[in-house]
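For reference, the structure discussed in these notes is given below.
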Amino acid sequence: MKTVLKLEETALFILGIFFFNRLNYDWWWFLVLILAPDLSMIGYAFGNKTGAFLYNIFHHKGIALLIYGLGCYLNIESIQLAGIILFSHSAMDRIFGYGLKYEKGFKYTHLGEIGK
């Protein structure tokens with residue numbers, strides 16, 4: 001089953017690249033910004049509960065799609081870019097086994113414990 005999930009997330013990552021390609025940004029923007037959502041891990045400096053909350057907001061695909069949709073509705077490419085980066089980053093993380101976090105700690109995710 002893990003293989004099927006990784007294939008699905010890979011397809012979603014490729015979809016994110018497809019949508020990025022439709023924007024008027026140079027490719028280096030994607031490469032520079034793809035790891036930006038991981039800055040949300042700074043929340044763990046304030047405890048597991050705050051860390052998990054911030055991490056999950058920046059790694060939730062539903063929120064990413066809402067941001068992208070808002071950018072489309074308002075016709076603002078920078079907002080669309082933010083949504084695409086959040087969506088693509090979330091898919092990339094899940095390919096590597098990093099899921100949404102539980103408040104127990106960083107290694108406890110909805111995909112299982114990291115490192116097991």
**OP:** May I ask you to decide if Pro37's main-chain N or O and Ser40's side chain share a donor-acceptor pair within less than 3.5 Å?
**Re:** yes

Subject >> Heavy-atom pair of closest approach, residues Ile95 and Lys6 >> reply: O-CE, 3.4 Å

**OP:** State plainly whether one hydrophobic cluster holds both Phe46 and Phe53, where clusters connect Ile, Leu, Val, Met, Phe, Trp and Tyr through side-chain heavy atoms under 4.5 angstrom apart.
**Re:** no

Original post:
Is there side-chain contact between Leu54 and Ile42, with heavy atoms separated by less than 4.5 Å?
Top reply: no

**OP:** Inspect the surroundings of CZ in Phe106 and state if more than 12 heavy atoms from other residues, nucleotides or ligands are less than 6.0 Å away.
**Re:** yes

Original post:
Shortest non-hydrogen contact from Ser88 to Gly16?
Top reply: OG-CA, 3.3 Å

Original post:
Hey, mind stepping through Arg94 and Leu111 against side chain to side chain contact (heavy atoms under 4.5 Å, CB included) and telling me if it holds?
Top reply: CA-CA 8 Å; Arg94 290 184 178 107; Leu111 298 175; 4.1 Å; yes

Original post:
According to a 4.5 Å side-chain heavy-atom criterion applied to Ile, Leu, Val, Met, Phe, Trp and Tyr, with indirect links allowed, do Ile57 and Phe87 form part of one hydrophobic cluster?
Top reply: no

Subject >> Residue pair Cys72, Gln80: steps toward the side chain to side chain contact (heavy atoms under 4.5 Å, CB included) verdict >> reply: CA-CA 6 Å; Cys72 290; Gln80 292 174 35; 4.0 Å; yes

Original post:
Do we get Lys104 above Tyr108's six-membered ring, with its NZ or CZ under 6.0 Å from the centre and within 45° of the axis?
Top reply: yes

**OP:** Please examine the side chains of Leu33 and Leu81, heavy atoms only from C-beta on, and report whether any two atoms are closer than 4.5 Å.
**Re:** yes

Original post:
Do any N or O atoms from the side chain of His110 and from the backbone of Leu100 form a donor-acceptor pair under 3.5 angstrom?
Top reply: yes

Original post:
Can you tell me how far the CD1 atom of Ile17 sits from the CG atom of Leu12, to the nearest 0.5 Å?
Top reply: 11.5 Å

**OP:** Indicate, with yes or no, if the rings of Phe19 and Tyr68 have centres closer together than 6.0 Å.
**Re:** yes

Original post:
Is it the case that more than 12 heavy atoms not belonging to Phe30 sit under 6.0 Å from its CZ atom?
Top reply: yes

Original post:
Is it true that the side chains of Asp93 and Tyr55 contain a donor and an acceptor less than 3.5 Å apart?
Top reply: yes

**OP:** Look up atom CG in Leu65 and atom CD1 in Ile84, then write down how far apart they are to the nearest 0.5 Å.
**Re:** 10.0 Å

**OP:** Check whether Tyr102 and Ile114 end up in the same hydrophobic cluster, where Ile, Leu, Val, Met, Phe, Trp and Tyr are linked by side-chain heavy atoms less than 4.5 Å apart.
**Re:** no

Original post:
Do Asp38 and His59 come within less than 4.5 Å of each other through their side chains, counting heavy atoms only?
Top reply: yes

Subject >> Test side chain to side chain donor-acceptor pair (under 3.5 Å) applied to Asn56 - qualifying residues, sequence neighbours left out >> reply: none

Original post:
What about Phe96 and Leu7, same hydrophobic cluster or not, with Ile/Leu/Val/Met/Phe/Trp/Tyr joined at side-chain heavy-atom distances under 4.5 Å?
Top reply: no

Original post:
Has the side chain of His89 got a donor or acceptor atom that lies under 3.5 Å from a matching backbone atom of Ile34?
Top reply: yes

Subject >> Glu9/Lys61 ion pair, N-O < 4.0 Å >> reply: yes

Original post:
Can you tell if the side chain of Lys101 reaches within under 4.5 Å of the side chain of Tyr98, non-hydrogen atoms only?
Top reply: yes

Original post:
If you take all heavy atoms of Leu86 and Ala64, which pair is closest and at what distance?
Top reply: CB-CB, 3.6 Å

Subject >> Step-by-step side chain to side chain contact (heavy atoms under 4.5 Å, CB included) determination, Thr10 to Met92 >> reply: CA-CA 7 Å; Thr10 301; Met92 182 183 70; over 6 Å; no

Original post:
Is there a donor-acceptor contact under 3.5 Å from the side chain of Glu113 to the main chain of Lys107?
Top reply: no

Original post:
What about Phe13 and Val32, same hydrophobic cluster or not, with Ile/Leu/Val/Met/Phe/Trp/Tyr joined at side-chain heavy-atom distances under 4.5 Å?
Top reply: yes

Original post:
Which class fits the ring pair Phe20 and Trp27: parallel under 30°, tilted 30 to 60°, perpendicular over 60°?
Top reply: tilted

